Amino acid sequence: MTKLTKRQIETLEPNEKDYFVWDTELSGFGIRVFPTGRKQFVVQYRYGRVSRRMSLGRFGAITPDQARGLALEALVKLRNDIDPLAEKRAKRDALLVKELAERFDEEHIAVHLKASTAKEYRRNLELFILPAIGHLRIVDVTRADIAKYHHDWRHRPYQANRNIEIISKMFNLAELWGLRPDGTNPRRHIKKYPEKKRERYFSAGELQAIGRVLEEMEEERIELPSAVAAIRLLLFTGCRLNEILTLKWKHVDLASPALRLPDSKTGAKVVHIGQAAVSVLRQIERLEDNPWVIVGRNPGAHLTDLQPFWQRVRGRAGLKDARIHDLRHTFASIAVSNGQSLPMIGKLLGHTQVQTTARYAHLANEPVLEAANDISSLIEEKLTAK
């Protein structure tokens, strides 16, 4: 027999013992015939001093030409000093992405990330990433897989971008841990979607509406007083939500006055506060058995979720699209409109990067534009006066 063909293979009859028929055109390529009649394509080769045989697939499931192509691929790997059978076994036994995620959590998320960031990483892994690629072997994940995953989330560009950054970090570590070849991170060359920054600043009328609702809630005595105080502190300090919710009395320095935060998104920082914030802090009742400024309903605990309360505030104030983070934006916008410099605002907000504060630069132009409009209007009136 010369070249193995479909017709020739179909004529092979089973014996009491299995036997091999070898192709004469491609050395090492053949077919194994079992006593049951099953026929299996194989490739036989020598790696070092050891002779090895690797199954390529069952006749009927793949064609002779497909099997020959697989055999040729194996023999090419052999020329590059790669044992194809060992590679196949390693691939079969390779860890799944969900197992990589477990190690990623234990050795990176739990060790190197802040609690809030770690929570977000775990949420994204559980809800978005692992349901899509958790069942894949680490070595099998391709750029096409990640590109498709990113594309599937194009309707939520912010979420899509955050997810592929987590995937990127996870696969960088997979290379470091020897679970993938170096330089094979499947996230490489995938461009992020443009993200439209949503910036909302409360007008004077909207701030009055918020203030009125907070006063009404205090009089009604239904809501937690600490929730009302939290909203006021967010407005008066420009702090991030978590910085206020996790504020302890030992970090409050009313003599300076300042909030000396041991940890924040940008690390330890001092937040200098004005008299309005000081007044709010002085009015908050200190509980002996609770170290937190913004206490929750459970003894010894702080308030963990301000969103439900804020939704009730914004609903009554007629601000359906307002977010809690817009309180921080409003602090910055009022600072700009009152002539504060961007470096000063960056220091007040605790920004470590100049470009983070630069987003508010356009607000500084508004008073100038108003002045230009007023002056030009006056000149126009004089020119057209009769």
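No experiment lies behind these values; they were computed from the predicted model shown.
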Can you name the nearest heavy-atom pair linking [X] to [Y], along with the distance?
X	Y	answer
Leu75	Val43	CD2-CG2, 4.1 Å
Cys239	Leu234	O-CD2, 3.5 Å
Trp292	Leu245	CE3-O, 4.4 Å
Lys39	Leu12	NZ-O, 3.0 Å
Val139	Leu179	CG1-O, 3.5 Å
Tyr193	Pro157	CB-CB, 3.6 Å

Discussion item. In this structure, would Met170 and Leu176 fall into the same cluster of hydrophobic residues linked by side-chain contacts under 4.5 Å?
Written reply: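 Yes; Leu176 is reachable from Met170 via cluster members.
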
Does [X] pair with [Y] as a salt bridge, N-O distance under 4.0 Å?
X	Y	answer
Lys98	Glu102	no
Glu99	Arg103	no
Arg316	Glu216	yes
Glu120	Arg162	no

Is there a donor-acceptor pair under 3.5 Å between the side chain of [X] and the backbone N or O of [Y]?
X	Y	value
Arg154	His151	yes
Asn161	Lys192	no
Arg180	Asn185	no

[Y] and [X], any side-chain heavy atoms less than 4.5 Å apart:
X	Y	value
Asp105	Tyr121	no
Leu247	Ile294	no
Gln159	Asn124	yes

Between [atom1] of [X] and [atom2] of [Y], what distance do you get to the nearest 0.5 Å?
X	Y	atom1	atom2	answer
Ile210	Arg232	CD1	CZ	11.5 Å
Leu259	His272	CG	NE2	10.0 Å
Arg188	Asn172	CZ	CG	9.5 Å
Leu100	Leu173	CG	CG	8.0 Å
Ile138	Phe171	CD1	CZ	6.5 Å
Leu261	His251	CG	NE2	8.0 Å

Item to complete: Classify the ring geometry between His329 and His325 as parallel (under 30°), tilted (30 to 60°) or perpendicular (over 60°).
Response: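 His329 and His325: perpendicular rings.
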
Item to complete: Check the angle between the aromatic planes of Phe41 and Phe29 and answer parallel, tilted or perpendicular using the 30° and 60° thresholds.
Response: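 Plane angle under 30°, so parallel.
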
Worksheet item: Taking it one step at a time, do Val42 and Trp22 satisfy side-chain contact (heavy atoms from CB on, under 4.5 Å)?
Response: CA-CA 9 Å; Val42 297; Trp22 302 101; 4.0 Å; yes

Worksheet item: Is the CD atom of Gln307 crowded by more than 12 outside heavy atoms at less than 6.0 Å?
Response: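 Yes, enclosed.
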
Practice prompt. Give the intermediate values and the outcome of side-chain contact (heavy atoms from CB on, under 4.5 Å) for residues Ile9 and Val33.
Written response: CA-CA 9 Å; Ile9 294 171; Val33 183; over 6 Å; no

Discussion item. Go through it in stages, so that I can follow the logic: the residues are Arg123 and Phe128, the test is side-chain contact (heavy atoms from CB on, under 4.5 Å), and I'd like the CA-CA distance, side-chain angles, deciding distance and then a yes or no.
Written reply: CA-CA 8 Å; Arg123 175 180 173 273; Phe128 308 118; 3.8 Å; yes

Worksheet item: Is the gap between the ring centers of Trp153 and His155 under 6.0 Å?
Response: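 When the ring centroids of Trp153 and His155 are compared, they turn out to be within the sub-6.0 Å range.
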
